[in-house]
Amino acid sequence: MNKHWWREAVVYQVYPRSFQDSNKDGIGDLDGVRQRLDYIKKLGVDVIWLNPIYRSPNDDNGYDISNYQAIMPDFGTMADFDALLKEAHAKGLKIVMDLVVNHTSDEHHWFMESRKSKDNPYRDYYIWQDPVDGHAPNDWKSSFSGSAWQFDDTTGQYYLHLFSKKQPDLNWRNPKVRNSVFDMMSWWLDKGIDGFRMDVINLISKTKEFAPTAEHPVPRQPANGPHVHEYLEEMNQKVLSKYDIMTVGETPGVHPDDALKYAGFNSHELDMVFQFEHMGVDSDKELGKWRPHQWQLTNLKRIMSKWQTELNGKAWNSLYWNNHDQPRVVSRFGNDSPEFRVRSAKMLGAVLHFQQGTPYIYQGEEIGMTNVMNFNSIEDYKDIESRNAYRDLVEQHQVLTNDQMIAALHHSSRDNARTPMQWDDSVNAGFTPEGVDPWIQLNANYDTVNVKAALADPESVFYFYQKMNTLRKQYPIITYGDYTLLDPDDEQTWTYTREFEGQKLTLTANFSKDTITRDYAAAPANTNLILSNYDDDQGSTLRPYEVKVYLTK
Ligand code: TEU
Ligand code: CA
C-alpha cells in the first residue's frame, strides 16, 4: 500500500444532516449516506469525510460533542455506523471522521464535572480564569459573536469558549486531556476508520498569559499557540503513526511557513492542512464575511499560487472551494445565473483540481448547487454563527440594517452549504419525503438543479467532475507536477502549467462572462486538449467561463 495514498485520492465531504434522510424525520442520517454510496462511488472519489456524527445537543450542528464514542440519535446508532463503514470499504471507499477536540459540548460529562467545583478532578480539563476587575480575563472574541469568556456562578470564574457558550475549550496543557483524546482516537482507528479531519486543531494551544490583547480583535483567537506542535507530535507518536491513515488539520490563520510545520514531509504531525487565505479575498477587515467585498482574481491567483509554490516538494496541499462553512463557490467566484451556472461551475472545478494537492468535493458542488436566495428572514437561517451575528450586528449594535444583513447572509452564511442535497425534482428533492418538514428549508432551485437531472445530462457538472477524477488516475502529472502561474496580472484569466517527467500540462480559464482573446490561450505546440467545458477549441479566443486543459503528447 502506497504510504501516501491520500496524495492520489479525491475526497467527497458529506454533511450527514443534509445529505439523505432514511427514516422520514426530515434529518439526514447514516443509513441515508449508506443508501447513496453507489452515487458517491460513481463520481469516482476515493474517500468520504463525514462531518461530526457523535452524540451532541446540536448547538453547533454536532461540533459540540457530549460523547465521542456514541452516535447522535438523529443520525442513528453505532450499528448503523458500523454498517456504513463496512459497506463503504466493500465499495473501495475510505471513511475519514471529523475530530473536534479543541472543545467539547458543555453537556459532556467532563465539563459537567469540571464546573461543579474548583477542586473537582475534571476542573483542569477546561480553561477557567478569575475575573479581572470584575470583567472577563481578556478581550478574546468568540467566532460566534461576543466575548470568548462565560462567567459561571457556581465557582465565580469564567471559562473560555472560542465558539459558542456551549462549546467550552479543552485545556490541552493538561496531559490527562491529551491522553483522554488519544485514547478516544485509537478507539475509532481500531474500528477501522481511515483518518481524521481535525477541527480548528491549531487553536488547541493557548497562550498562558490571558492578558488583554491589543491586536486585531474579531475574532481575536490564539491560533498557532506556543505548544501546538508539541501536542501534535505527541498525538502522532502515540496514535497516528501506528495506522495507515490520512489526517488533515483545519487551521484558520495559517500561512505556508506554518503549514510546513504542521504538514511538512519531514514533520511528524499531520499529512495536510486546510488553509483559509483564499477564503478571505471577499472579506471586510472589520466585519469579515458580514460585509462582503468584490474580490480580485489577481488576489485569488496570487494566494493560491503562493501555496502551490511554497509547499511544492516540502508539504502537501489540500484543495477546496467549498465545505459546510463556506458559501457555494459557483455563486461566490463563478456565475450562478441559468446561462452561466454549469459553465462556470465546471471552470472553477478544473482550476482547482488541476493544481497540486488532494481535492475535496463538498456535497452538491458536483452538480453546481448554488447559494440559497429564498431565505429572506433570519428565522430561515439555522446556523448559530449566522443567528448570533444577526443578533449582534442588527439587533444589539445596529451596525447593519436587517436588509444589509440578509444580503450578507445570502452571500456568506454557512447555511448556503447546509440546505438539503438536491437528489431530484420531487417535493423536498428526494432528501426527505413529501409531507415531512426538513430540518432546514431547501434551495428553491432544486426543481432544475438536482442529481437526477445531472445524471441524465452528459454535459452536466457531475460528468465533468467524474472526468476529472478519471484523468487524475490516468495522468500522474496532475498529482505530482510542478505548478507555474503564467498570468499573475490578468484580472480575467487564470493560466498555469504543471510539469512532470518531461510532460507539460497547461490550463487556461476565463473567469469573466466576456469573450476575450489571449495569445497564451491557444493550444501549445505538440499537445492534446484533454478537457474543456466547450465542444470545440477556438484557439486564442476564450468564451465566457471557458476552461481548457492541454497535455503534451
Ligand atoms: O470551523 C472553524 C472556523 O474557523 C469557523 O469559524 C470558520 O472560520 C467560519 O465558520 C467560516 O468563516 C470549525 C468547523 O468547521 C465549524 O463548522 C464549527 O462551527 C467550528 O469549527 C467550531 O467547531
Ligand atoms: Ca433521518
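We count ligands from 1, going down the list as the structure has it; atoms in each ligand are counted the same way.
Looking at Asp64 and Lys166, no side-chain N of the basic residue comes within less than 4.0 Å of a carboxylate O on the acidic one, giving no salt bridge. A salt bridge does not link Asp29 with Arg34: none of the charged nitrogens is closer than 4.0 Å to a carboxylate oxygen. Taking the charged nitrogens against the carboxylate oxygens, Lys191 and Asp82 do have a contact shorter than 4.0 Å, which makes a salt bridge. A salt bridge links Arg291 with Glu286: at least one charged nitrogen is closer than 4.0 Å to a carboxylate oxygen. Looking at Asp74 and Arg17, a side-chain N of the basic residue comes within less than 4.0 Å of a carboxylate O on the acidic one, giving a salt bridge.
Nearest to the Ca ion (ligand 2), among the N, O or S atoms that Asp29 has, is OD2. The atom of Asp21 nearest to the Ca ion (ligand 2) is OD1, with the search restricted to N, O or S atoms.
Each of Asp106, Val177, Leu170, Asn171 was scored for a side chain to side chain contact (heavy atoms under 4.5 Å, CB included) with Tyr126, with one residue passing: Leu170.
Near Pro252, meaning under 4.0 Å from one of its heavy atoms, ligand 1 places the atoms 4 (O). Interface of His324 with ligand 1, defined as ligand atoms under 4.0 Å from a residue heavy atom, comprises 14 (C), 15 (O), 16 (C), 17 (O). Interface of His103 with ligand 1, defined as ligand atoms under 4.0 Å from a residue heavy atom, comprises 22 (C), 23 (O). Close approach of ligand 1 to Asp199 (heavy-atom distance below 4.0 Å) involves ligand atoms 13 (C), 14 (C), 15 (O), 21 (O), 22 (C), 23 (O). Atoms of ligand 1 lying under 4.0 Å from any heavy atom of Phe276, numbered from 1 in the order shown and given with element: 8 (O). Shown in contact with Val200 at under 4.0 Å from a heavy atom are these atoms of ligand 1, numbered in order with element: 2 (C), 21 (O). In summary, the atoms of ligand 1 found under 4.0 Å from a heavy atom of Asp60, numbered by their order in the structure, are 18 (C), 19 (O), 20 (C), 22 (C), 23 (O).
Put simply, Ser22 stays out of reach of the Ca ion (ligand 2), with no N, O or S atom under 3.0 Å from it. Coordination check, Asp25 versus the Ca ion (ligand 2): passed, since an N/O/S atom of the residue sits under 3.0 Å. Inclusion of Ile27 in the first shell of the Ca ion (ligand 2) is supported: an N, O or S atom falls under 3.0 Å.
The aromatic ring centres of Trp6 and Phe196 sit 6.0 Å or more apart.
In this structure, Met279 falls outside the shell of residues with a heavy atom less than 4.0 angstrom from ligand 1. Arg418 counts as a contact of ligand 1, since one of its heavy atoms falls under 4.0 Å from the ligand. Residue contact annotation: Met198 has no non-hydrogen atom under 4.0 Å from ligand 1.
Residues Glu365 and Leu348 have side chains not in contact (no heavy-atom distance under 4.5 Å, counting atoms from C-beta outward). A heavy-atom distance below 4.5 Å is found between the side chains of Pro226 and Thr207.
The cationic atom of Arg332 (NZ for Lys, CZ for Arg) does not lie both less than 6.0 Å from the six-membered ring centre of Trp321 and within 45° of the ring axis.
Under 4.0 angstrom from ligand 1, the non-hydrogen atoms of Phe144 all belong to its side chain.
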